Amino acid sequence: MTTTFTTQAQVAEILPFKNAEITIEDIIPSPAEPDLPLPPPSTKPSEILDVDKITPDSHVPRDPRLIRLTGVHPFNVEPPLTALYDEGFLTSPELFYVRNHGPVPQVFDEDIPNWEISIEGLVEKPLVLNFKEILQKYDQITAPITLVCAGNRRKEQNTVRKSKGFSWGPAGLSTALFTGPMMADILRSAKPLRRAKYLCMEGADKLVRGTKDKRRDKDMTDISQPNGFYGTSVKLNWAMDPHRGIMLAHKMNGEDLRPDHGRPLRAVVPGQIGGRSVKWLKKLILTDEPSDNWYHINDNRVLPTMVTPEMSAQDRKWWTDERYAIYELNVNSAVAHPQHEEVLDLTTAGSSYTVKGYAYAGGGRRITKVEISLDRGKSWRLSDIEYAEDKYRDFEGDLFGGKVDMWWRESCFCWSFWSLDIPVPDLEASDAILVRAVDDALSAQPRDMYWSVLGMMNNPWFRVTITKEGNTLKFEHPTHPSKAGGWMERVKKNGGDLLNGTWGERMEGEEPVAPEPVIDINMKKDGVNRQIDLQELKANNSSENPWFVVNGEVYDGTGFLEGHPGGAISITSSAGLDVSEDFLAIHSETAKKMMPDYHIGTLDPASLKALNDKSSSISDELREVFLQSREWTKATLTEKKNVSWDTRIFVFDLEHEKQTLGLPIGQHLMIKVQDPINGEAVIRSYTPMSDTNLIGKMELLVKIYFPGDSIPGGRMTLALDKLPLGSAIDCKGPTGRFEYLGNGRVSISGKERQLRSFKMICGGTGITPVFQVLRAVMQDTQDPTTCTVLYGNRQEEDILCRSDLDAYVALDKEKCNVVHTLTKGSDTWTGRRGRISEQSLAEYAAPEEQSMVLVCGPGAMEKSAREILLAQGWNESDLHFF
Ligand SMILES: Nc1nc2c(c(=O)[nH]1)N[C@H]1C(S)=C(S)[C@@H](COP(=O)(O)O)O[C@H]1N2
Ligand SMILES: [Mo]
């Protein structure tokens with residue numbers, strides 16, 4: 001249908017006589033509301049999901065509906081197919097599929113105007129353009145474009161035989177209106193040289209691959225360009241060809257690109273696999289050869305089907321043969337309705353059912369037919385096709401700051417929606433709905449899968465099985481992206497050969513086919529026969545010694561922390577756990593073949609059982625005491641209380657309700673968390689605020705050191721601050737030379753002495769170890785030891801544990817004296833001001849027989865306290881610095 005926007009005058013011509021009943025608006029759509037399929041309603045996610053908080057993507061808000069395909073990180077997701085289809089022609093940015101090879105670069109608003117891209121290589125005039133210039137100096141266009149990951153529908157390939165790629169369902173594609181300049185215009189301003197044949201593009205995402213560790217992939221030693229960024233190339237003449245529509249984009253559906261989709265600037269290459277549309281674009285390099293980036297060579301290829309993972313690992317030639325690189329998408333389709341596992345109740349169903357789905361082709365080709373068979377391909381019915389993209393061809397004008405200018409360009413860059421009403425009795429009589437799309441080059445989806453090592457471009461007929469159960473029809477898709485099930489898995493379990501041309505099911509009279517032997521990859525190392533028990537495994541569940549279990553075997557991931565394509569977190573998050581299910585789901589045969597290098601032993605059967613029995617894993621090792629001196633134990637964050645803007649109490653659950661912390665008074669414990677920025681372990685020593693006798697819990701008082709203009713901020717405290725509730729931290733201890741044994745007895749490095757008094761000097765959160773001792777003295781009414789506390793802070797509000805301190809003084813003034821000093825006390829403050837001075841030390845902490853000074857505060861404070869105290873006559877052995 002063509003929509004023309006007609007002026008009032010033209011309408012008057014069309015309607016020569018006035019009809020009072022009909023107004024112009026009734027007949028002609030207002031140009032202000034063109035008949036265009038506009039973006040669906042969208043809500044920008046504002047929350048960082050808990051799962052993301054411990055990853056390098058802890059700055060990216062996301063929609064929880066997206067289905068994660070590669071564990072928590074990196075972020076590779078597809079929307080639920082029905083949600084995607086039901087949003088219509090355009091996809092909201094929050095549902096748009098994401099394919100990230102690594103962490104999302106963090107780009108701050110204020111830095112965007114100065115985001116630079118360089119245009120270099122075989123150009124006459126190398127150029128650096130910033131974001132502002134890209135917006136202001138070049139014509140902006142807006143166009144609807146469908147991006148499809150080459151891995152779309154790969155789970156079907158993986159079900160036949162595991163490929164070297166993770167499992168996508170059929171929703172690895174999405175459509176949006178992209179706004180930005182044409183790539184050709186940008187390139188032209190740098191004046192490409194005649195020799196330039198390829199346009200290489202590079203993003204800002206720092207990736208593991210291609211950087212340093214060449215040993216990691218023994219089969220991929222040819223890393224000629226060891227840079228750590230995602231990069232690829234397309235032919236330069238494509239980029240210069242207006243019909244191919246290659247553009248840069250800074251907007252998606254009218255709003256700034258979101259972080260996962262390349263904020264602030266990306267390439268968009270219509271009609272080609274998504275992998276060519278480089279996000280977070282930084283560099284355009286013109287060359288006479290295709291990109292030598294690791295990702296260009298080792299990704300986005302369809303090797304011949306007879307090349308096995310082993311062959312591809314042994315011979316580099318498979319990867320460097322440019323004929324096997326893939327650019328234009330192939331023709332493909334999928335069914336959205338009926339949904340996977342949908343049930344049609346025949347008693348309430350109407351006379352017909354509308355089967356619906358999507359279809360797309362590559363290279364600008366139009367889908368010309370979508371055909372449906374209910375009899376295994378013997379006969380076909382022709383479905384209707386809706387080309388929403390064509391509505392944009394008829395539109396002339398601006399949209400979201402870009403010109404819509406598509407009438408002259410006949411290429412099809414978007415998916416189309418097909419549908420067909422099928423009489424319900426026909427469905428009832430069929431075993432499966434088969435769908436195939438055909439494009440204008442007469443390429444048709446094939447019946448049989450073309451399996452290949454990377455599992456890409458999977459496009460056989462989309463098949464939805466129909467099973468009659470009583471008065472219902474049950475529909476099943478081939479696979480589900482994250483759940484088990486689907487007809488392929490069912491067929492495979494029954495020993496069916498999925499590649500036999502009849503979807504693994506036998507034709508009538510056909511003999512059963514011997515099931516293809518499952519290739520079992522040996523992930524064990526020859527000669528390794530060490531038995532490992534749960535205790536040993538748990539002693540190595542830290543991010544430095546990340547042991548993990550797959551199929552009952554123990555692996556030490558330490559050597560692969562740097563090499564893992566998902567970053568160290570992929571391994572450290574598995575430490576101490578049985579990760580068989582996730583591991584096997586995500587990893588390729590090649591990855592599995594690397595496992596013997598890390599194999600260190602076998603978990604004994606009882607330990608394996610205990611490890612996986614969540615209910616008993618705690619009771620199995622009901623240790624009374626939480627802290628272990630030689631191994632890390634995990635406490636779980638359950639609550640954060642704000643004491644002030646920068647000081648918090650973190651409440652942790654110990655391993656079980658009846659456990660005690662096991663921390664002697666005056667000692668500390670080590671805490672280890674993962675730096676959310678770089679994944680490194682950060683270890684610091686802390687003294688909890690809570691009573692060490694508290695059962696089942698521990699409370700830490702922590703001041704968060706936020707970064708300032710010139711100071712980086714505290715890594716540990718920032719990491720703790722970001723830690724989501726429910727996460728675990730590693731603890732080990734106790735540590736410290738000093739211990740308070742009670743009744744004035746202390747032990748210093750194992751040597752005991754008897755005291756009559758303590759002088760306690762502390763600043764800020766340095767109160768915590770001091771407070772442990774003070775509380776022990778004050779809680780025991782029989783303890784005759786006296787305590788003088790000199791406590792320094794900035795403002796009155798900063799004084800920690802004030803009510804406890806006041807209560808101790810009120811309880812017994814002779815036994816406990818607290819002297820506060822503030823550097824920035826308000827006008828109403830009547831106490832001491834300034835720093836804890838020589839004078840106050842002389843007054844309150846003069847040397848005494850059978851006495852000790854305990855000091856805890858910032859380094860400078862401890863240093864000056866030491867000098868003054870020694871000068872005032874204290875012995876070094878009487879001073880203890882926590
Ligand atoms: N810089 C960069 N660009 C990238 C990728 C990436 O990991 N880094 N992934 C590519 C792949 S394989 C696909 S399919 C698309 C996905 O784009 P989307 O995440 O916006 O859907 O981005 C491509 N561009
Ligand atoms: Mo992709």
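Counting from 1, the numbers follow the sequence of the chain as shown. One-based numbering, in listed order, for ligands and for the atoms of each. From a predicted model like this one, the values you see are computed outputs, not experimental measurements.
Judged purely by atom type and a 3.5 angstrom limit, N158 has no side-chain atom pairing as donor or acceptor with the backbone of K162. In this structure, the side chain of K282 engages the main chain of E116 through a donor-acceptor pair within 3.5 Å. Within the 3.5 Å criterion, the main-chain N or O of N76 finds no donor-acceptor partner in the side chain of N100.
For ligand 1, the polar-atom distance check finds an N/O of D205 within less than 3.5 Å of one of the ligand's N/O atoms.
Protein heavy atom in closest approach to atom 7 (O) of ligand 1: H101 ND1, 2.7 Å. Scanning all protein heavy atoms for the shortest distance to atom 3 (N) of ligand 1 gives K279 N, 2.9 Å. Of the protein's non-hydrogen atoms, the one nearest atom 12 (S) of ligand 1 is R99 CG, 3.3 Å.
Remark: distances from the non-hydrogen atoms of R276 to ligand 1 are all 4.0 Å or more.
There is a side-chain donor-acceptor pair under 3.5 Å between T232 and R276.
Both tests hold for K206 against F229: distance to the six-membered ring centre under 6.0 Å, angle to the ring axis within 45°. Under the 6.0 Å distance and 45° angle rule, R153 does not count as a cation-pi partner of W168.
Using a 4.0 Å cut-off between heavy atoms, S277 contacts ligand 1 through its backbone alone, with no side-chain atom that close. Residue contacts with ligand 1, taken as heavy atom pairs separated by less than 4.0 Å, involve Y97 via backbone and side-chain atoms alike. Under 4.0 Å from ligand 1, heavy atoms of V98 appear from its side chain as well as its backbone. At a heavy-atom cutoff of 4.0 Å, ligand 1 is contacted by the side chain of F96 but not by its backbone.
Around atom 13 (C) of ligand 1, the closest heavy atom drawn from P74, G274, A150 belongs to G274. Ranked by closest heavy atom to atom 17 (O) of ligand 1, the top entry among H261, M252, R266 is R266.
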